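For clarity, every value in this text was computed on a predicted model and none was experimentally measured. Side chains are part of it too, since the values below use all heavy atoms of this structure and drop only hydrogens, waters and symmetry mates. Proteins get letters first, then strands, A, B, ... in listed order; numbering begins at 1 in each.
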Amino acid sequence: MNHLCHLQFPKKSIYIGIYLLKLNLQYQTRLSSTSSSLDSSITTPISHTFDLSRVSELITNQHWSDLKTLTNQTTPNTFLHVLFQSELDSDLVLRYFKWSEEEFRVSHHLELYCRLFHLLANSKKYGKIRSLLHHFVKKDETHSNSSIFHSLSVTGGGFCANSIIVDMLILAYVYDSKTDLAFEAFLRAGDYGFKLSTTSCNPMLGILVKERKFAVVEIVYKEMIRRRIELDVISFNIVIKGFCQAGKLKKAGDVVEDMKARGFSPSAVTYNILMYGYCKNGGAGKMYKADGILKEMVSNGIHPIESTFNILIDGFCKDENLSAAMKVFKEMQGQGLKPGVVTYNSLINGHCNEGKLYDALCLWDEMVGSGLKLNIVTYNALIKGFSKKKMLKEARELFDGMGERGLDADVVTFNTLIDAYCKAGKIEEAIALRDLMMDKPVFPDVATYNCLIGGFLREGKMEEASKLLDDMENKGLRADVITYNIRLNALCKKGESRQAAGLLDEMFERCIRPSHVTYNTLIDGYCTEGNLRAALNMRARMEREGKQPNVVTFNVLIKGFCQKGKLEEANGLLNEMLEKGLVPNRTTYEIVKEDMMERGFVPDIDGHLYNVSVNT
DNA sequence: TTAGGGTTAG
């Protein structure tokens with residue numbers, strides 16, 4: 001089987017091989033340092049006989065001190081062997097097993113655990129095995145998977161029972177966030193021929209996606225199919241979600257086809273996951289594609305549900321296309337679905353972000369009128385909406401009134417208001433809010449500090465900013481890519497783009513991955529200083545370091561070249577941007593209005609660009 | 001523990 005495996009999945013097998021080797025080394029070290037002192041007692045001959053009905057009675061009634069007296073001539077391990085050989089009820093054996101571990105502060109030998117698993121499995125007490133396994137994996141002295149599997153095999157028990165036990169072992173690892181051990185057990189279970197189920201595989205896939213271990217998700221998925229582990233719609237959905245989050249939307253779509261080919265009908269959730277994937281990572285024309293998923297869903301006879309519309313509405317809001325969002329909102333109601341808190345929150349937030357506070361407030365009224373209760377997310381969106389309109393007094397009133405409505409401000413609420421004060425130049429009030437949050441206590445996070453650092457830097461108070469930076473790192477909060485972008489931006493604004501580029505090197509030293517914003521800020525800085533050569537070099541570096549230029553990159557470069565009167569080059573950049581399939585935005589239009597018009601682009605009433613020559 | 005909403009940077 002292993003040879004076959006190598007032939008079919010050469011790369012993966014090497015990966016798995018290295019993985020297992022790594023884990024083996026880890027456990028060999030661990031085992032040698034914790035080899036059990038109980039080993040010797042395993043082979044201790046049984047020299048006492050006990051009145052089993054008396055033992056049963058004592059355990060049932062939990063008369064532990066009497067039992068202790070009765071068994072004081074033997075060790076708990078030996079006594080457990082007696083119990084295993086007797087026909088005592090498995091619940092009572094389990095009860096003694098747990099009591100003795102606690103009482104004698106010992107950790108029973110692996111073999112005894114396995115015998116107990118088998119005993120419980122024989123009486124189909126799977127819930128008890130599950131909780132015992134949970135306790136088993138939570139202990140510090142864990143055993144290696146190979147020793148557990150070996151012990152399970154040699155202590156007897158049916159093959160099916162072993163499969164179920166291993167299934168539950170993997171589940172216990174997942175619940176205890178021991179993802180690597182879960183994956184290793186999954187692989188080893190294949191070597192032992194244990195048949196796993198969705199009971200363990202689905203939660204394991206789930207945690208792998210959560211930890212963004214997408215390559216491993218793909219391995220597990222393929223292995224599940226290869227080993228003929230029964231998958232269900234949920235298994236496929238999690239794998240689809242993994243591919244979506246990894247930005248591999250084509251592969252996500254392939255899994256949908258794969259599940260259909262295997263006789264599974266994608267559910268509304270399947271389409272939701274795919275649609276959400278397109279909204280987040282769909283690239284150019286993503287909302288058009290997301291809308292396409294909805295159509296595909298309907299044509300396959302699956303009815304959209306509330307969350308389907310919520311995903312689409314939020315997607316359009318984030319894409320700054322409020323009219324499309326409102327159209328979907330109407331369609332949703334037309335289909336007899338009632339918008340919920342999430343629906344309204346997306347719309348309120350979308351309108352606030354576009355500065356349409358009046359419409360946001362109308363939606364708020366509508367929401368309350370339909371009997372829905374505002375929650376913290378609604379408040380945060382509205383506080384931001386007021387702040388954006390520089391209506392700080394109103395924003396603060398909302399904040400102060402939260403308590404009366406039974407809502408506690410959270411870190412996002414505080415950060416939103418702190419940022420608003422900073423942007424209004426009221427840093428003292430921002431700092432006062434930071435102190436207030438600590439009294440609550442709501443702990444400041446990196447975003448809190450980023451807002452404050454940005455506030456000081458905008459005011460040109462470099463010393464205060466760097467003091468805060470130290471304060472943050474002293475508190476164990478690590479600067480993130482946004483902290484650096486804020487600092488870079490401040491240096492660029494001062495005309496110190498070269499020093500800013502120095503921070504880029506520092507980011508690499510600290511393993512903080514630069515984002516598009518990082519490079520775009522630097523390119524913009526060089527362009528503003530009129531240093532086009534340095535700007536182009538930075539663009540080249542950005543590509544070398546794995547980031548493709550986006551619309552903003554082109555916008556800042558085009559602006560830079562225009563300002564220097566190099567219109568031909570600017571025009572060339574605009575063409576390159578379009579050739580790359582990037583969609584120009586309002587800023588592009590503002591920079592090179594005439595060139596854009598020549599290419600058929602016109603803005604609509606909201607300022608969104610449409611290409612007339614393509615649409616007609 | 002199968003899906004959706006709010007904070008900081010260009």
For a quick check under 3.5 Å, do [X] and [Y] share a side-chain donor-acceptor pair by atom type?
{"X": "A:Asn349", "Y": "A:Ser346", "result": "no"}
{"X": "A:Tyr276", "Y": "A:Asp314", "result": "no"}
{"X": "A:Asn353", "Y": "A:Lys318", "result": "no"}
{"X": "A:Thr413", "Y": "A:Asn415", "result": "no"}
{"X": "A:Asn585", "Y": "A:Asn555", "result": "yes"}

From [options], nucleotide with atom closest to [X] side chain:
{"X": "A:Asn520", "options": "B:dT1, B:dT8, B:dG10", "answer": "B:dG10"}
{"X": "A:Ser515", "options": "B:dG6, B:dG10, B:dA9", "answer": "B:dA9"}
{"X": "A:Asp419", "options": "B:dG10, B:dA3, B:dT8", "answer": "B:dT8"}
{"X": "A:Val377", "options": "B:dG10, B:dT8, B:dG6", "answer": "B:dG6"}
{"X": "A:Thr521", "options": "B:dG10, B:dT2, B:dT8", "answer": "B:dG10"}
{"X": "A:Lys241", "options": "B:dA3, B:dG6, B:dT8", "answer": "B:dA3"}
{"X": "A:Asp524", "options": "B:dT8, B:dT2, B:dG10", "answer": "B:dG10"}
{"X": "A:Asn489", "options": "B:dG10, B:dG6, B:dT1", "answer": "B:dG10"}
{"X": "A:Asp445", "options": "B:dA9, B:dG6, B:dT7", "answer": "B:dT7"}
{"X": "A:Ser307", "options": "B:dT7, B:dA3, B:dT8", "answer": "B:dA3"}

Counting any heavy atom closer than 4.0 Å, what does [X] reach on the DNA or RNA strands: base, sugar-phosphate only, or nothing?
{"X": "A:Lys210", "answer": "nothing"}
{"X": "A:Ile305", "answer": "base"}
{"X": "A:Lys423", "answer": "sugar-phosphate"}
{"X": "A:Ile376", "answer": "base"}
{"X": "A:Val341", "answer": "base"}
{"X": "A:Ile207", "answer": "nothing"}
{"X": "A:Tyr175", "answer": "base"}
{"X": "A:Asp410", "answer": "base"}

Atom [atom1] of [X] to atom [atom2] of [N]: distance rounded to whole Å?
{"X": "A:Met204", "N": "B:dT2", "atom1": "CE", "atom2": "C1'", "answer": "16 Å"}
{"X": "A:Asn353", "N": "B:dA9", "atom1": "CG", "atom2": "P", "answer": "12 Å"}
{"X": "A:Asp480", "N": "B:dG10", "atom1": "CG", "atom2": "P", "answer": "14 Å"}
{"X": "A:Ile348", "N": "B:dT7", "atom1": "CD1", "atom2": "P", "answer": "13 Å"}
{"X": "A:Asn415", "N": "B:dG6", "atom1": "CG", "atom2": "P", "answer": "15 Å"}
{"X": "A:Leu417", "N": "B:dT7", "atom1": "CG", "atom2": "P", "answer": "14 Å"}
{"X": "A:Tyr379", "N": "B:dT7", "atom1": "OH", "atom2": "C1'", "answer": "18 Å"}
{"X": "A:Lys280", "N": "B:dA3", "atom1": "NZ", "atom2": "P", "answer": "14 Å"}

Check: Between A:Phe414 and A:Phe399, does the ring centroid distance fall short of 6.0 Å?
Finding: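 Ring centroids of A:Phe414 and A:Phe399 are less than 6.0 Å from each other.
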Item checked: Ring centroid separation A:Phe329 to A:Tyr344 under 6.0 Å ->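 Yes: the rings meet the under 6.0 Å criterion.
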Notebook entry, point to check: Is there a donor N/O on one and an acceptor N/O on the other, under 3.5 Å, for the side chain of A:Asn375 and the base of B:dG6?
Noted result: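 Under the 3.5 Å cut-off, the side chain and the base do not form any donor-acceptor pair.
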Next item on the list: Go through residues 264-276 of chain A and report each residue with a non-hydrogen atom lying under 4.0 Å from DNA chain B, sorted by number.
Entry: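 Residues of residues 264-276 of chain A that come under 4.0 Å of DNA chain B are, in numerical order, A:Val269, A:Asn272, A:Ile273, A:Tyr276.
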Item checked: Neighbours of DNA chain B within residues 550-559 of chain A, by heavy-atom distance under 4.0 Å ->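 Per residue number, the list reads A:Asn550, A:Val552.
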Next item on the list: Please state whether the rings of A:Phe236 and A:Phe264 are parallel, tilted or perpendicular, taking 30° and 60° as the class boundaries.
Entry: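 Aromatic pair A:Phe236/A:Phe264 classed tilted.
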Margin query: Using side chain to side chain contact (heavy atoms under 4.5 Å, CB included), reason through A:Tyr421 and A:Arg396 one step at a time and then give a plain yes or no.
Written below: CA-CA 10 Å; A:Tyr421 280 127; A:Arg396 183 66 193 232; 3.3 Å; yes
Next item on the list: Identify which one of A:Lys286, A:Lys289, A:Met287 satisfies the side-chain contact (heavy atoms from CB on, under 4.5 Å) criterion when paired with A:Cys279.
Entry: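 Of A:Lys286, A:Lys289, A:Met287, side-chain contact (heavy atoms from CB on, under 4.5 Å) with A:Cys279 is met by A:Met287 alone.
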Notebook entry, point to check: Below 4.0 angstrom from OP1 or OP2 of B:dG6, is there any side-chain N or O of A:Lys384?
Noted result: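 No.
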Next item on the list: Using a 4.5 Å cut-off on heavy atoms from C-beta on, say whether the side chain of A:Arg586 contacts that of A:Glu320.
Entry: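 Result yes, sub-4.5 Å side-chain heavy-atom pair found.
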Next item on the list: Under the side-chain hydrogen bond (donor to acceptor under 3.5 Å, both in side chains) rule, what do A:Asn300 and A:Tyr271 come out as? Steps first, then yes or no, please.
Entry: CA-CA 11 Å; A:Asn300 281 331; A:Tyr271 287 106; 2.7 Å; yes
